[in-house]
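Taking it in order: structure first as structure tokens, then the write-up.
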Amino acid sequence: HKMIRQFTMGLGGEGYLNFMGNEFGHPEWIDFPRDDRVEASTGEFIPGNGNSYHLCRRRFDLADMDHLRYKYLNAFDAAMNHVAGAFK
């Protein structure tokens with residue numbers, strides 16, 4: 001996982017970005033607020049969640065919990081960003 005991050009940072013230059021929910025291997029899923037819609041190609045009705053923010057949550061505290069390993073990945077990302085900034 002760290003090698004993929006380094007490879008992406010090296011090739012992406014200024015374009016390195018973690019996907020929301022993937023930055024620390026987030027254990028919960030995200031349900032972005034969305035409305036009901038009809039699929040244009042098939043005409044199928046796809047129910048939304050009423051534009052609810054109930055399940056659209058982030059857990060930024062995971063890297064601060066000592067009993068989890070996310071702190072190591074956070075430290076790696078911080079060091080990788082520091083090195084990239086030093087060789088700008």
Check: Which residues pass the salt bridge (charged side-chain N to carboxylate O under 4.0 Å, His left out) test with Arg69, sequence neighbours left out?
Finding: none

Checklist line | Phe76 with Val83, same ILVMFWY side-chain cluster at under 4.5 Å | finding: no

Notebook entry, point to check: Considering residues, nucleotides and ligands other than Phe45, do more than 12 of their heavy atoms fall under 6.0 Å from its CZ?
Noted result: yes

Next item on the list: Measure the spacing between CG of Asp36 and CG of Asn49 and express it to the nearest 0.5 Å.
Entry: 9.0 Å

Check: Which heavy-atom pair separates Ala63 from Tyr70 by the least distance, and what is that distance?
Finding: CA-CB, 4.1 Å

Next item on the list: Quick one: which residue pairs count as a salt bridge (charged side-chain N to carboxylate O under 4.0 Å, His left out) with a foot in residues 38-56, not counting sequence neighbours?
Entry: Arg37-Glu39

Next item on the list: Return the minimal non-hydrogen interatomic distance between Met65 and Lys71, and the atom names on each side.
Entry: O-CD, 4.4 Å

Notebook entry, point to check: If you take all heavy atoms of Asn51 and Asp35, which pair is closest and at what distance?
Noted result: OD1-N, 3.4 Å

